[in-house]
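Atoms within a ligand are numbered from 1 in the order they appear, just like the ligands themselves. All values below come from the heavy atoms of this structure, side chains included, with hydrogens, waters and symmetry mates left out.
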Amino acid sequence: MKVTVFGIGYVGLVQAAVLAEVGHEVVCVDINAERVEKLNQGIIPIYEPGLTPLVTNNFQAGRLRFTTDAAFGVEHGLIQFIAVGTPPDEDGSADLQYVLAVAKTIATHMNSPKVVIDKSTVPVGTADKVKQQISTVLTERAVDIPFDVVSNPEFLKEGAAVADCMRPDRIIIGTYNEQPIDVVRELYEPFNRNHDKMIFMDVRSAELTKYAANCMLATKISFMNEMANLAELLGADIEAVRKGIGSDPRIGYHFIYPGCGYGGSCFPKDVQALIRTSAQNGYTPKILQAVEAVNNKQKYKLPTLVKKHFGDDLTGKTFAVWGLSFKPNTDDMREASSRVLIEELWAAGAKVHAYDPQAMEETQRIYGVRSDFVLCGTKEAALQEADALIICTEWQQFKAPDFDFLKQQLKTPVVFDGRNLFDPERLKQKGLQYYAIGRGQSVLQF
Ligand SMILES: NC(=O)c1ccc[n+]([C@@H]2O[C@H](COP(=O)([O-])OP(=O)(O)OC[C@H]3O[C@@H](n4cnc5c(N)ncnc54)[C@H](O)[C@@H]3O)[C@@H](O)[C@H]2O)c1
């Protein structure tokens, strides 16, 4: 099938590459000329496991093309994906300007019937706006070309995006009528062979499904962080509690890790956007408000522990920070907890020596060159001259460090762990003082 994807970000690029891999002919359109140029030179602008060979192979096979030429893109595909960003507006609601700009572009250039599929995360009612936008432009052009608008929210996880798109758990399709169903079925047929993963519903329900999913996951995290804070006060160990409740199949082990707060491009903005949508409809979403408040506070957990140990004035101190991306296996720094930590350390007068396996280029782009900030080539290099180690992201390579070496390198043997990676007893035996999340210091280890 001929497919066009507007927006070559984490969602658009991965989805386009996966669709090309199964044989569809995909043209990607982006307004970011530098990004398009790089992709045409074989340079992949984002880090996702497995993405580079997928893009390269399909690009070389001619099934995946990149352009800034919107007219060409519109002409190419029967299917037109909208996969552009929906960042938070000043009041927290989703900014729809990019989505509506694409709708306008499609309407301006289309000369044949189109199925417009919205993959961006958008508030309920956006498909109506997209439909309206296209109709208005077609009327202005005095042409009558049939088109359908479909809501098809994306559920991929950054860090596992290729695998998620190749083997989706579910494919949510919101439509106004039965018209586009056959086309969408044919498009996703290669991903639907094991069993039927397609769930059809009305457009508004599809739009809300995406927000409900992200808000539920964010709720699980904030709930566990609240339990962790309580565990600390009560002298309990949240890791024991986590295993204890995870064993209940009604609760399960997924997404109940306590930590230094959730970040990324989705949870913070989607929780905020649903709060905003609720308010616009006269409803006070108390659970969502609490989820956001708990998370915002939790991001200050690590700097608070550091100041508890070293005092409020950190002038003259240097901290090794392991992990900058908002989660492992990505270079995405959007709303990362590490940013709150680093900025708090700087504000208190400290220097930061940081290491991340993938996000250092992005961190450099955000913070530029500063005398109180060194990006180090290895995790070991970050320890040199550091007073203590702080772990922000649970990359695999941080999970079994040489504790003797660590102790030898640090000026004071202290580890602050925002992801509960280690056994407190082992660190104690190694002579390291260990601060983690929700782990009562007096708790027996079994
Ligand atoms: N990142 C995720 O894990 C994830 C997961 C599920 C859903 N989503 C949703 O998918 C959408 C896209 O997210 P993302 O992380 O891929 O965004 P992104 O910021 O990585 O990429 C968006 C791309 O759209 C391009 N763009 C903007 N306006 C354009 C236009 N008029 N024409 C063509 N291209 C244009 C930008 O230049 C950019 O390259 C968002 O709504 C997001 O909430 C994201």
Atom indices of ligand 1, in the order listed, that fall short of 4.0 Å to a heavy atom of [X]:
X: V102; value: 30 (C), 31 (N), 32 (N)
X: V29; value: 33 (C), 34 (N)
X: N32; value: 37 (O)
X: A83; value: 12 (C)
X: T121; value: 7 (C), 8 (N), 9 (C), 40 (C), 41 (O), 42 (C), 43 (O)
X: G7; value: 23 (C), 24 (O), 25 (C), 33 (C), 34 (N)
X: K210; value: 6 (C)
X: G85; value: 22 (C)

Nearest protein heavy atom with distance in Å, relative to [atom]:
atom: atom 6 (C) of ligand 1; answer: E154 O, 3.2 Å
atom: atom 23 (C) of ligand 1; answer: D30 OD2, 3.7 Å
atom: atom 35 (C) of ligand 1; answer: V84 CG1, 3.3 Å
atom: atom 14 (P) of ligand 1; answer: Y10 N, 4.0 Å
atom: atom 21 (O) of ligand 1; answer: G9 CA, 3.2 Å
atom: atom 10 (O) of ligand 1; answer: V11 CG2, 3.4 Å
atom: atom 1 (N) of ligand 1; answer: E158 OE2, 2.7 Å
atom: atom 28 (N) of ligand 1; answer: I31 CD1, 3.4 Å

Open item on the list: Taking K210 first and then D270, would you say they form a salt bridge - that is, a charged N and a carboxylate O separated by under 4.0 Å?
Closed with: no
Open item on the list: Between K38 and E34 (salt bridge meaning N to carboxylate O under 4.0 Å), is one present in this structure?
Closed with: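 The answer is yes: the pair qualifies as a salt bridge.
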Give a yes-or-no answer on whether the side chains of [X] and [Y] include a donor-acceptor pair shorter than 3.5 Å.
X: D417; Y: Y434; value: yes
X: N229; Y: K301; value: yes
X: D332; Y: Y47; value: no
X: N281; Y: R276; value: no
X: N225; Y: S222; value: no

Where's the contact between [X] and ligand 1, heavy-atom distance under 4.0 Å: side chain, backbone, both or neither?
X: Q97; result: neither
X: C266; result: side chain
X: S120; result: both
X: K157; result: neither

Task: Cation-pi, F155 ring and R170 (6.0 angstrom, 45 degrees) - done: yes
Do [X] and [Y] make a side-chain contact, defined as non-hydrogen atoms from C-beta onward lying under 4.5 Å apart?
X: V74; Y: K114; value: yes
X: I82; Y: Y98; value: no
X: F373; Y: K351; value: no

Open item on the list: Can you confirm, on distance only, whether ligand 1 has an N/O atom lying under 3.5 Å from any N/O atom belonging to Y98?
Closed with: no
Task: Heteroatom distance test (R334, ligand 1): nitrogen or oxygen, under 3.5 angstrom - done: yes
Open item on the list: Regarding atom 41 (O) of ligand 1: of the candidates V14, T86, T68, L156, which has the closest heavy atom?
Closed with: T86
Task: Member of Y355, F398, F416 meeting the ring pair (Phe, Tyr, Trp, His ring centres under 6.0 Å) criterion with W322 - done: F398
Open item on the list: If you count heavy atoms of other groups shown closer than 6.0 angstrom to CD of E186, is the number above 12?
Closed with: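 Not buried by this count: 12 neighbours or fewer within 6.0 Å.
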Task: K307, NZ atom: more than 12 neighbouring heavy atoms under 6.0 Å - done: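 Yes, the 6.0 Å shell around NZ holds more than 12 heavy atoms from other groups.
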Task: Sub-4.0 Å heavy-atom approach of K269 to ligand 1 - done: yes
Task: 4.0 Å heavy-atom contact, E48 with ligand 1 - done: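 Contact check E48 vs ligand 1: negative.
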Task: Identified side chain to side chain donor-acceptor pair (under 3.5 Å) counterpart of K269 within the set D89, D95, T86 - done: T86
